[in-house]
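Shown next, in structure tokens, is the structure this report addresses.
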Protein chains: 2
Amino acid sequence: MVTLKDVAREAGVSPKTVSRVVNDDPAVNIETRKAVAEIIARMHYVPDHAARMMRMSHSSVVGLMTDAVATTPYSVDIVRGTQAGLREQSRTMLIANTDGDRQQEQEYWRMFRAHKVAGVVYATMYHRPADLGIPDFERGIVLANCYSARRSHSSVVPDDEGGGYTQARHLIELGHRRIGIVSLSPVLRATVLRGAGYRTAFAEGGLLYDPALEIPGFITRPDGGEDLVAYDAALGLLRRPDRPTAIICGNDQIAMQIYAAAATLGLSIPDDLSVMGFDDMTVITRTLKPMLTSVALPYFEIGRTAVDILSRINGETEGPVVPQVQVPCPLVVRQSCRQLG
Amino acid sequence: MVTLKDVAREAGVSPKTVSRVVNDDPAVNIETRKAVAEIIARMHYVPDHAARMMRMSHSSVVGLMTDAVATTPYSVDIVRGTQAGLREQSRTMLIANTDGDRQQEQEYWRMFRAHKVAGVVYATMYHRPADLGIPDFERGIVLANCYSARRSHSSVVPDDEGGGYTQARHLIELGHRRIGIVSLSPVLRATVLRGAGYRTAFAEGGLLYDPALEIPGFITRPDGGEDLVAYDAALGLLRRPDRPTAIICGNDQIAMQIYAAAATLGLSIPDDLSVMGFDDMTVITRTLKPMLTSVALPYFEIGRTAVDILSRINGETEGPVVPQVQVPCPLVVRQSCRQLG
DNA sequence: TCAGGTTGTGACAGCGATGTCAATCTCAAA
DNA sequence: TTTGAGATTGACATCGCTGTCACAACCTGA
């Protein structure tokens, strides 16, 4: 390990001066600075993070605690977004995936404390209320994709209501008047919020919201698991005499099953039926034939924004600390929705 | 921050004794130990990681460098597996996602150095040769899902050949004699290895390998991107007069498109056609109707094994440091393949 | 009773960095 | 020439922890 002292000896200056160069302290003669910088490069000196952290009693590392987010195809982009945000601040990230286990979570909070992380981004797989169960953490905490039931922390969540609105609005603009909905499990907050979005768009377009045309595509079992029943839901909708010309889906998996149901009934997408996904999981949306028009969950942006808020909380960046940011869900148009008549 | 000294003062012992208790040093009187432990708990003392690390000049943190692995639905499980392995060693993980950018990668190597990580797991999205371009890193490095062209590092990779064998073998055991293959891009190592597996299984089953029945489902563009052409490939195969009774896919996305092609031609799965996926991406395999039989890429195991090897390299665990571990790809049977005859 | 362990505990130094404060040097105005 | 302000630089202590070593208290067996 090359240390400050080594560099200082080599350069014939005091360690403190090297430290100044490393930290861009302006109070260094330009000549000295250049000479020292050169030696630093030549010797491959890298400042020891531990020593620095100890001296300054705070770390440049941020903790990312996730329930299952780092592990599901849905929402890994939160991780990427968080990292992108941190990179701009020359920071890095300790990641802790709890798999939803309380005990592990406790352990990792301790670990974050031991590492004196500069803050924590707490991300969840689903948009849901989060109960942190750690009241005594001294550093900033920002919730990503979840929100504090007790409003004790700032949160960054997708604008599900807007997303629902966007889905419906797009179909209405294409001329659809009978729109079916195969939604997520009714217990999810996203379902409620998007429902509100649908209604707003429907009202604006002069459509009536018909509850008979909304069917859950996922059903939550008593044990907490979920069953995907979108295929049957879709068959039900599509066999109606007044079958919808378009279906809004709660996510892209539901859309996949709608494609399957349409194929079963000999309906062609988008000629006989338009399908609108949610999430924009590219593995699905770009693999389906025709490719699926969807509304994206802005996970990357959510992660990035969470980092922003965090540095505001810590007072490192200017800007207000808002209690909640809603990140818009953009429409991604592909080939599964067609213009009517 | 509660420090050792605080605890020591409170307990009326020396800091060193508290340190001993924290580190389970047996040379502490049982009474003293109990008393101190109690005070530690009461004061919520958490040992400062930075100080410890500085004193002991090595960290309990391992670096995980990925190209895009943390961000793709394919392979996030490497992250989980790595974490699971580390957790058993009471270690944690700094994560660095390079998005394939050399410059970022350099930055993160520096960062790992600064953090004095105990080792690095270098994971890639595809099973491929990796060129680390960092010859002077002092700590152990293990490659996950990739391998060193210069054999300079140990690696943990999926057993693609075995996976291919498993795919073919299962279909042959079900009585299929004409088996089509829609493979990944021919430039991938996985494609070559699995091809070998197919041939072995075919030979064992007394089948002839017919090159006309193997078509790429992905095509690599000159710009490096990939086009998914499995749908057309499948149509080609399925329109042949001697159409195969089963198709082996290079991954589950290909399988999705095969389902679409089959639907187009009015073929029912599995009655008219059996389909065998690869990867076992549950978002796809469990959403398709019927659910897709697939061979899993053991990403979790790969991550976990990489950690194992790492601690062997570092001499923390007994066991040989093998140059390469091939992790088997298990068969996951669902409903897309049927018994013939 | 005493030499020679064994056990339990503490004093002290030092890991590598930086904040504090003082020392030195330069230059221009008095 | 003197003086004060500003620019550069360095000496030193210190962050929280643990390795080393010394020391006291207590055994053990001859």
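By convention in this document, chain letters (A, B, ...) are assigned in the order of the sequence lines, proteins followed by strands, and residues within each chain are numbered from 1.
dA17(C) atom P lies 12 Å from atom CZ of R55(A), rounded to whole Å. Across the protein-nucleic acid pair, D48(B) atom CG and dC15(D) atom P stand 12 Å apart, rounded to whole Å. If you take CE of M56(A) and C1' of dG16(D), they are 16 Å apart, rounded to a whole angstrom. When rounded to the nearest whole Å, the span between CE of M53(B) and C1' of dC17(D) equals 13 Å. For H115(B) and dC15(C), the NE2 to P distance is 22 Å, given to the nearest whole Å. In this structure, the NZ atom of K116(A) is 6 Å from the P atom of dG16(D), given to the nearest Å. In this structure, M43(B) atom CE and dG16(D) atom P are separated by 13 Å, rounded to whole Å. Rounded to whole Å, atom P of dA17(C) lies 12 Å from atom CZ of R9(A).
A side-chain N or O of N97(B) and one of T66(B) form a donor-acceptor pair less than 3.5 Å apart. Side-chain contact check for E10(A) and Y45(A): no donor-acceptor pair (N or O, by modelled atom type) lies under 3.5 Å.
Between the CE atom in M93(A) and the CE atom in M111(B) there is a gap of 9.0 Å [rounded to 0.5 Å].
Between R52(A) and dT18(C), a side-chain N or O to OP1/OP2 separation shorter than 4.0 Å is present. Residue S19(A) places at least one side-chain N or O closer than 4.0 Å to OP1 or OP2 of dT18(C).
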Reading nucleotides 5-11 of chain D from 5' to 3' and marking B where a protein heavy atom lies under 4.0 Å of the base, S where only the sugar-phosphate is that close, and - otherwise, the string is ---SBBB

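Residue T3(B) is in sugar-phosphate contact alone, with no base atom involved, counting any heavy-atom pair closer than 4.0 Å across all strands shown.
The only option from V121(B), V79(B), T82(B) that meets the side chain to side chain contact (heavy atoms under 4.5 Å, CB included) definition with I95(B) turns out to be V79(B). Just one of M54(B), R55(B), R52(B) meets the side chain to side chain contact (heavy atoms under 4.5 Å, CB included) condition when paired with M54(A); it is M54(B).
You'll find the side chain of H127(A) reaches within 4.5 Å of the side chain of P158(A), heavy atoms only. Inter-residue side-chain proximity for E105(B) and W109(B) is flagged as met; some heavy-atom pair is nearer than 4.5 Å.
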